[in-house]
Amino acid sequence: MKLYDPQKVEQHAQQLWDTQQTFRVSPDNDKEKYYCLSMFPYPSGKLHMGHVRNYTLSEVIARFQKMQGKNVLHPIGYDAFGLPAENAAIQNKTAPAKWTYANMAEMTSQLKRLGFAYDWTRQLATCDPDYYRWEQWLFVQLFKQGLVYRKDATVNWDPVDQTVLANEQVIDGKGWRSGAEVVRKTIPQWFLKITDYAEELLQSLDNMPGWPDSVKTMQKNWIGKSKGLELDFEVPEFGRISIFTTRPDTLFGVSYMAVAPEHPLALKAATTNPDLAEFLTQCSKEQSNEAAMATMEKKGMPTGLIAVHPLTGEEIPVWVANFVLMSYGTGAVMAVPGHDERDHEFALKYNLPIKRVIEGDGDIQATPETDYGILINSGEYDGLNFDQAFQRMQHYFEDKGTGRLQINYRLRDWGVSRQRYWGCPIPIIYCDKCGAQPVPENDLPVILPEDVVFDDTGGSPIKKMPEFYETVCPKCHEPATRETDTFDTFMESSWYYARYTCPDYDQGMLSDEADYWLPVDQYIGGVEHAILHLLYARFYHKVLRDQGLINSDEPFKRLLTQGMVLKDGAKMSKSKGNTVDPQALIDRYGADTVRLFSMFAAPPEQSLEWSDEGVEGASRYLNRLWHNVQEFIAQNHKVGSLDKQNMTSEQQQIRYKIHQTIGKVTGDIDERQHFNTAIAAMMELTNALTKFKDDSSNGVALLHEGWLTLVKMLSPFAPHITQVLWEDLEQTGLLAEADWPVVDNSALVQDEVEIVVQVNGKLRAKVKVAADADKESVEAIALAEENVQRFVDGKTIRKIIVVPKKLVNVVVS
RNA sequence: GCCGGGGUGGCGGAAUUGGUAGACGCGCCGGAUUCAAAAUCCGGUUCCUUUGCGGGAGUGAGAGUUCGAUUCUCUCCCUCGGCACCA
């Protein structure tokens, strides 16, 4: 009998797919298309188990869909720009490009060794000028259409290295290399008007049944639509300032105002107030990310300025507060400590008045009451509820011209400028006379020089390369300066899924083929991308649609968010030293085992706890399968057709098991996407077939059907071993191109079912009844059970609940 | 802090619509095979109690709804992910 040699088996199968170009696809209008995609990897070095898991998930779905007869696009590429390449460049004294290309080559060979069913002809890398030139082209179009603008924004500045730091490079408020205290610095940067699409991005979520509710909720909250009033407050010594509030009903409870440290009012007041100026400097050293803002100590300082309450005429102090965000609303808020948590905390700390203006009987001085209610202490507005008060105030301020209805979004415009080298150059030229000019389309792409040297500060080399940034103005042809910032790498990952449909097209960003394949039918990737990447990609898709490049509204029909791969309860990482190298496992057990284990260990959405023993188990299972099928083949039976009319009870049972498993596995892959239970069901079938010893003609026919069915169903998970078993079972063609098995409902008919008998909800017996037995006879059979009688005897039967084909519950007292 | 997940045997997990808690696998225990070991095969394996049949408890903690709750509701604890310059 043939022995199972994974390395030999896998080489054989991979060679077949390679020479026959099995997974190369082109549009075919005779077949239903299916586009299956995993989030592409950042080429950080070698593959890690998270990659293996991600790509095996899309692999199983892609191969399954192909066996359903669909025209399946399953591509792969590299998200090649990014910070780690620069870090490696500093550390290893190599150019980021060199490091990146070497990593891509390494990872490609690993992906090939895993036998993934990719169309390798469509491979792309985002650092390729043939890719990013179209990103630059799109940016120029958006620039011309006014969807791009430049404004000042905050960055982390390392004053020693004289460089901008990513949030990740700021550790406890200090630069990661220099250790210097990082400060906030404001510099002009480019923005995409994603907020123009906020409403559509929000509305479309209601029409995306293929996305997990959790992701849709996160995006909804991220967009954060809120309806409120924008109100103008007169500040006699400054002018008018606007605030945004969702709670105008609490306007009479305002006891102070607060503005962001970057607010013009704060800056002006600081010019004559050294203490305030010092406070603003302090604020500029605090981290500006949202988590830090929310958890830091709330601090403030009065500006000395007074605002006039628009309804009562009362004078209220204007404070600067470190928790007010310049980037949300107007950068100024009215503070109602009686009915807002944060205002309350601040008022207690600085001894500001707390007023009750919503009915209630708690101690408002001790605890704020944030629920809606009936207005009190609000003059003519007393007795109104939230909606009434909102409307009357809206009308009042609109008539006066000092307030207006305002829909606000928490979502901010997308800042795309990065002061980094290893990214796509922003195609802009600055001219002293003509201002910022887009690079003419004929001059695209602006190519990033790849032969560069990094110094120890980590600053971008192209900022010191006159041969890169010295140019002429495309309008007046006078000497001008090229933009040296590059794009946020989310720009590349926002449209790569579309470029896979036509990766070599050089006449435009996308060809007609895009609309054949798009939208992506199944997208798979880490849950950590639930908001940013997925929101940016959705935005980009709508932009591409509005440019007339594609005709769908959303990029990803169905989304599967996979959990992380853990070892010893922690995320695998080099610094923790708890990584597992998939390559070593492939060398030892083969790709099929690694793939099978990664699918079997946990359902895809959950985190996966690594287990060396579990891999051993997967390998053992494949060995057992191989052995059992080879043993069946070695017996050299003549396989005839099944005589369904004359089956023994055992034969009926094994046939039931085969077809029940087909239903289970198909549903688990297609609908539930719980691949672990699909594998468990196949293991059960393997166990059942192994135990089924029957040399009769029907027995052999059933075993043949069973093993063949199993080989087919396991093929998306373990395509190599099953391809060889398929050949050994004397089947023709490639298993990857075979039809998926279909359930024969006649095999699932059962005359008898087992039902559970409970007394007061506790299991007391199991009985077999006819499948079509009526309620009365089921009750009678259940009550006749000896162990049921023990618990019913001497008590009164209150009622009997019968769930057909499942259970009987006798309620006694 | 805010938003979104997760918590079930010794371990990974199963229970799909409120209906047998622990499928499948790992580990462990016992047996077969072997000169011996590895590998393989067979059997057992939630905990407590019982020779056995059986009984009791049990899904992070506490309450609630229900004939019946791992599943629904509320409060709390722990943990993971995201928070806009990591990708």
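Quantities reported herein were computed from a predicted structural model and do not represent experimental measurements. Below, chains carry the letters A, B, ... as their sequence lines are ordered, and counting in each starts from 1. Both backbone and side-chain heavy atoms feed into the values below; hydrogens, waters and symmetry mates do not.
- Side chain of A:E613, nearest nucleotide from B:rG54, B:rC67, B:rG27: B:rG27.
- Here A:T489 reaches the OP1 or OP2 of B:rA87: one of its side-chain N or O atoms lies under 4.0 Å away.
- A:Y536 places none of its side-chain heavy atoms less than 4.5 Å from the side chain of A:H533.
- For B:rG25, the OP1/OP2 oxygens have a side-chain nitrogen or oxygen of A:N687 closer than 4.0 Å.
- In this structure, the nucleotide among B:rG12, B:rU16, B:rC67 sitting nearest to the side chain of A:I801 is B:rC67.
- Remark: side-chain polar atoms of A:E483 are paired, donor with acceptor, to backbone N or O of A:D485 under 3.5 angstrom.
- Using a 4.0 Å heavy-atom criterion, one finds that A:F791 contacts the sugar-phosphate atoms exclusively.
- Within 4.0 Å (heavy atoms only), A:N787 reaches sugar-phosphate atoms of the nucleic acid but no base atom.
- Taking a pair to require two hydrogen-bonding distances under 3.5 Å in either a Watson-Crick or a G-U wobble arrangement, B:rG27 pairs with B:rU45.
- Ranking B:rA14, B:rC80, B:rA87 by closeness to the A:H674 side chain, first place goes to B:rA14.
- Glycosidic conformation at B:rG9 (O4'-C1'-N9-C4 for purines, O4'-C1'-N1-C2 for pyrimidines): syn, within 90° of 0.
- Between A:R764 and B:rG55 there is a side-chain polar atom (N or O) within less than 4.0 angstrom of OP1 or OP2.
- At B:rA57, one or more side-chain N or O atoms of A:K762 fall inside 4.0 Å of OP1 or OP2 (strictly under the cut-off).
- Take the nearest nucleotide of RNA chain B for A:V215 and for A:A291: the residue whose nucleotide is more 5' is A:V215.
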What's the verdict on side chain to side chain donor-acceptor pair (under 3.5 Å) for A:Y149 and A:D413, showing C-alpha distance, side-chain angles and the deciding distance? CA-CA 10 Å; A:Y149 64 98; A:D413 274 336; 2.6 Å; yes
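- Searching all strands for a Watson-Crick or G-U wobble partner of B:rU51 with both distances below 3.5 Å returns nothing.
- Between A:R672 and B:rA15, a side-chain N or O to OP1/OP2 separation shorter than 4.0 Å is present.
- OP1 or OP2 of B:rG82 has not a single side-chain nitrogen or oxygen of A:N289 nearer than 4.0 Å.
- Summary of the strand contacts: A:A294 and A:R418 both lie near RNA chain B, and taking for each the nucleotide with the nearest heavy atom, the more 5' one is attributed to A:A294.
- Look at B:rA63: its Watson-Crick or wobble partner, with both distances under 3.5 angstrom, is B:rU73.
- Counting only heavy atoms from C-beta on, A:R790 has its side chain closest to B:rG54 among B:rC67, B:rG54, B:rA84.
- Results of the ring pair (Phe, Tyr, Trp, His ring centres under 6.0 Å) test with A:F81 over A:F487, A:F40, A:W422 single out A:W422 as the only residue that passes.
- Distances shown here put every side-chain N or O of A:N676 at or beyond 4.0 Å from the OP1 or OP2 atom of B:rG25.
- Within 4.0 Å (heavy atoms only), A:W414 reaches no atom of the nucleic acid at all.
- At a threshold of 4.0 angstrom between heavy atoms, the contacts of A:V756 include nucleobase atoms, whether or not backbone atoms are also involved.
- A 3.5 Å limit on both hydrogen-bonding distances identifies B:rC80 as the Watson-Crick or G-U partner of B:rG4.
- Candidate nucleotides B:rA14, B:rA84, B:rC24 were compared by shortest atom distance to the side chain of A:P603, and B:rA14 ranks first.
- Remark: side-chain polar atoms of A:W99 are not paired, donor with acceptor, to backbone N or O of A:N87 under 3.5 angstrom.
- For the pair A:S417 (side chain) and A:W190 (backbone), a donor-acceptor distance under 3.5 Å is present.
- The base-pairing partner of B:rU40, taking Watson-Crick or G-U wobble contacts with both distances under 3.5 Å, is B:rA32.
- Considering only the side chain of A:K766, B:rU20 comes nearest among B:rU20, B:rA23, B:rA87.
- Proximity note for A:E168 (side chain, C-beta onward) versus B:rU20, B:rC86, B:rA84: the nearest is B:rC86.
- Between A:R620 and B:rC26 there is a side-chain polar atom (N or O) within less than 4.0 angstrom of OP1 or OP2.
- The listed nucleotides are B:rC24, B:rG68, B:rG55; the one nearest the side chain of A:N809 is B:rG68.
- Across all strands shown, B:rU20 forms no Watson-Crick or G-U wobble pair with both distances under 3.5 Å.
- If you check B:rA87, B:rC24, B:rG19 against the side chain of A:H529, the one that comes closest is B:rA87.
- With B:rC80, B:rG4, B:rG19 as the choices, the nucleotide that has an atom nearest any side-chain atom of A:M218 turns out to be B:rG4.
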